[in-house]
Amino acid sequence: MSEIVQISDLHKSFGDLNVLKGIDLTVQSGETVVLLGSSGSGKSTLLRCVNFMEEPTQGSVSLHGELIGTEAGGKMQYRESELCALRTRIGMVFQHFNLFPHMTVEQNVMEGQVTVLKRSKSEAQSKAMTQLERVGLADKASEYPARLSGGQKQRVAIARALAMDPDVMLFDEVTSALDPELVGEVLKTMRQLADEGMTMLVVTHELGFAYHVANRVLFLHDGKILEEGKPQQVLKNPQTQRMREFLDGHSLFKLPD
Amino acid sequence: MTHTWDFATIIQNWQVLWVGLKGTVLIFLVTVVLGLAGGLLVGIARYARSRFLNWPAMAFVEVFRNTPVLVQIIWFYYAFPILTGIEVNPFLAAVLGISLNTMAFSAEIYRAGIQSIDPGQWEAGKAIGMTYNQTLRRIILPVAIKRVLPALTNRGIEVFKMSTLASVVAYVETLNQAKLIADLNFNPIEAYTAVALIFFVVLYPVVQGTYVLERILKKGD
Amino acid sequence: MVEWNFLAVFSDFDLLMIGLSNTLKVTALALLFGVPLGLVFAVMRLSTTRPLSMAAAFIIEFFRTTPPLVQLFWFFFALPILIDVRMTPFIAAIVTFSIQSSAFFAEIFRGGIQSIDKGQWEGAKAIGMNYRQSLQRVILPQAVKRMIPAFMERSIELLKTTTLVSTVAYADLMFQANDLAQKTFRPLEVYTVVAVMYFLLIFVFSQLSIAVERRLAQSGESTVR
Ligand SMILES: Nc1ncnc2c1ncn2[C@@H]1O[C@H](COP(=O)(O)OP(=O)(O)OP(=O)(O)O)[C@@H](O)[C@H]1O
Ligand SMILES: [Mg+2]
């Protein structure tokens, strides 16, 4: 196993608000890591620091052992071109899909390949179809996003990210905006990805997914990782009062004995 | 070519500009009052259900919105006197052109304002025994006008800028006087820059004011 | 009683047609330069680099708050003193109306760009697009559709404003009318015919823009002002 993402001593603040206060995290190749934490604990912020949608205020992120940014005078400097190149190697899926409504499903999945990676149209198209088949939506290729259900939109968004051949995928509460009956299809797609060996960092409130799919679960609280371990261990035998309270708040979830 | 800016001649001729400024303010006040008040009447007529009010109002709005103001001013200056025998001086021609144009534009603003009021308000007025006119005056218009205040202010700004068109028929206003100064002192660059700055200095705070007004009204709604 | 006599006007009607084509030419060229320039100002104005956005804001506000006729005089009479150019009425008209309308188009672009959901920027960013690619491929195609009604309205205003070029002796429709009125001694007929010509031209464009706005509203597109 090799390290894909390595985060060390990561801090992030918005003005006076210190959201992340020193995060150390390594994600190994093929691993699925689930990030838990109550609302406002900084899960999205951490995820967004990994692909630099937010710039960390302190600390470093490495991908495949390469440090992102260059140090100058004790502060990290990031160039736009470097970050754009980085983001092609890190896929991200959002709560609200963020599909491009003026493009068909297929065009959505081709867009990054053609515009950013400069792949030829025909190559991008065949890759797009491969990924759409992977998420079970090949038959929707020529539809516009407006005509898809929430679950289908989210699977297109996953295909769009996968088409860039990323080294790691970030998922930020991708089922939270979905009607309950549509959650399953998206989780199934994610599980299938995990089984195929994709490296994934997942923020979710679906404890069942964490329990069954994650290799490792982290609990974020007050800007730090409070608990970390195998799902069976963290979810069944929480070590801290905070984690127990958090799990009590998700009483709908019944852990298997 | 390097030009050395020299505003001294402008300052020496401040009285000439001052006369122009007074002319600008005069024509602005007359046209903005006529235009916005007359526009209210046309707007109400435009909203009315009676065809005898509605159609002429619509025709008026279409004619004056769809022709350039300059064409209107010139028509009133050169053509209107022949048609009617009424003598028209530059001031009157400009006032007619600008205020009729403003009436047409503001009528549409008032109408949109009136239309934006919840029909329930009309019914409430009726329910307490008010006539159409009473409901309009006491219930609908106060709210409608408040709502379109930013749009009316913008119209006012347009009217202020439009006042320069009066110079085309040689009405004495700021631009006309600047031209005089420029022709006499061979300093068009300073003269026209001064006029541009005058308008900017007057209107910039007003424009910023409308942004504030819009925000306040949005919050109040 | 006034006796209308249109004979003189119609025997020289080709003069007015030349004017009309010049009016359309100036409008079209001002649009051709004004729209892209407006986009540039809008992007500058939205920039997070303070000096850039402040410079754009100043240019935009300056050209929106000063009368177009003053601008035209400035470019025609004053600019040639500042820089060494041979100014013609035609060039002055194009320069003035391009910049003047670009200030208004900039605000329309800005409204359109800002009306697009932030998630669209994020979606574009997440697949590795830079600012320019995001704007060009994702944001603008969506924004432009919403801007069409405001854009058409502004173009019609521009068409009306071009009458000002007659004051610096460019042979647009208004100028040709003045010319013809003097030549024929029939100002009533000449100015009435020209007013009707302007009315028809602008009315047709207005109706067109209303029709387009209605189509967009039907297709559920929101619009910006
Ligand atoms: N761009 C920003 N500017 C200012 N504050 C921000 C910004 N983004 C996030 N925050 C704040 O940082 C804190 C953490 O936000 P974050 O979105 O990371 O939480 P989260 O754990 O993802 O919560 P949720 O479960 O609700 O999505 C919150 O208090 C939020 O208000
Ligand atoms: Mg979040």
Side-chain angles (χ1 to χ4, degrees), chain A residues 44 47-48 50-55 79-103 107-119 124 128 144-146 153-154 156-166 169-172 177, chain C residues 35 39-40 42-44 46-53 108-151 212-213 215-224:
Chain A
S44 298
L47 223 54
R48 292 163 61 84
V50 174
N51 72 345
F52 289 82
M53 300 285 274
E54 304 285 357
E55 279 186 19
R79 279 174 302 115
E80 191 194 21
S81 58
E82 182 189 19
L83 297 185
C84 286
L86 172 80
R87 291 189 198 111
T88 63
R89 297 164 61 197
I90 302 179
M92 186 172 215
V93 187
F94 304 88
Q95 183 173 349
H96 294 287
F97 332 122
N98 298 347
L99 290 180
F100 307 136
H102 58 302
M103 300 180 189
Q107 286 166 342
N108 262 278
V109 183
M110 287 168 64
E111 182 59 30
Q113 304 184 59
V114 174
T115 304
V116 183
L117 297 180
K118 311 288 180 209
R119 286 181 188 156
Y144 281 89
K153 281 182 198 165
Q154 198 56 293
V156 173
I158 293 172
R160 179 174 74 180
L162 288 173
M164 307 294 284
D165 295 322
M169 289 277 286
L170 311 175
F171 294 85
D172 191 0
Chain C
V35 172
L39 178 58
V40 171
V43 169
M44 279 171 66
L46 289 168
S47 156
T48 47
T49 314
R50 266 318 278 264
L52 217 55
S53 85
I108 298 174
F109 272 116
R110 186 164 74 113
I113 291 171
Q114 282 181 329
S115 78
I116 301 296
D117 178 32
K118 244 181 64 214
Q120 291 295 308
W121 286 102
E122 304 225 312
K125 214 169 165 185
I127 53 172
M129 286 190 179
N130 59 29
Y131 180 84
R132 197 183 50 75
Q133 290 166 330
S134 308
L135 191 67
Q136 199 177 323
R137 302 281 311 168
V138 175
I139 306 300
L140 278 182
Q142 299 179 58
V144 163
K145 228 171 145 186
R146 299 182 183 187
M147 291 163 20
I148 289 172
F151 175 87
V212 169
E213 188 161 359
R215 282 258 327 251
L216 287 174
Q218 268 167 13
S219 68
E221 277 296 327
S222 56
T223 53
V224 293

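A note on names: the letters A, B, ... follow the listed sequences, proteins ahead of strands, and every chain is numbered from 1.
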Tightest non-hydrogen contact, residues Cys84(A) and Gly128(C), listed as CB-O, 3.3 Å
What part of Phe94(A) gets within 4.5 angstrom of chain C, counting heavy atoms only: side chain, backbone, both, or neither? side chain
If you compare all heavy atoms of Arg137(C) against all heavy atoms of His102(A), which two are closest, and at what distance to 0.1 Å? O-NE2, 3.0 Å
Using atom types as modelled and distance alone, determine if a side-chain donor or acceptor of Glu122(C) lies under 3.5 Å from a backbone N or O of Asn98(A). no
Residue list, side chain to side chain contact (heavy atoms under 4.5 Å, CB included) with Leu135(C), at least two apart or on another chain: Val43(C), Ile113(C), Trp121(C), Tyr131(C), Ile139(C), Leu140(C)
Between Gln120(C) and Leu99(A), which heavy-atom pair has the shortest distance, and what is it? NE2-O, 2.8 Å
Between Leu170(A) and chain C, with a heavy-atom cut-off of 4.5 Å, which part of the residue counts as in contact: side chain, backbone, both or neither? neither
Specify the closest pair of heavy atoms between Arg87(A) and Lys125(C), including all atoms of both residues, with the distance to one decimal. CD-O, 3.1 Å
Any idea which of His96(A), Arg160(A), Gln113(A) has the most non-hydrogen atom pairs under 4.5 angstrom with chain C? Arg160(A)
Region of Arg89(A) that comes under 4.5 Å of a non-hydrogen atom in chain C: neither
With sequence neighbours left out, write down each residue that passes side chain to side chain contact (heavy atoms under 4.5 Å, CB included) with Leu117(A), or none if nothing qualifies. Thr88(A), Arg119(A), Met164(A)
Chain C contact via Ile90(A) - side chain, backbone, both or neither, heavy atoms under 4.5 Å: backbone
Pairs of heavy atoms under 4.5 Å with chain C: top-ranked of Pro101(A), Ala85(A), Ser81(A), Pro166(A): Pro101(A)
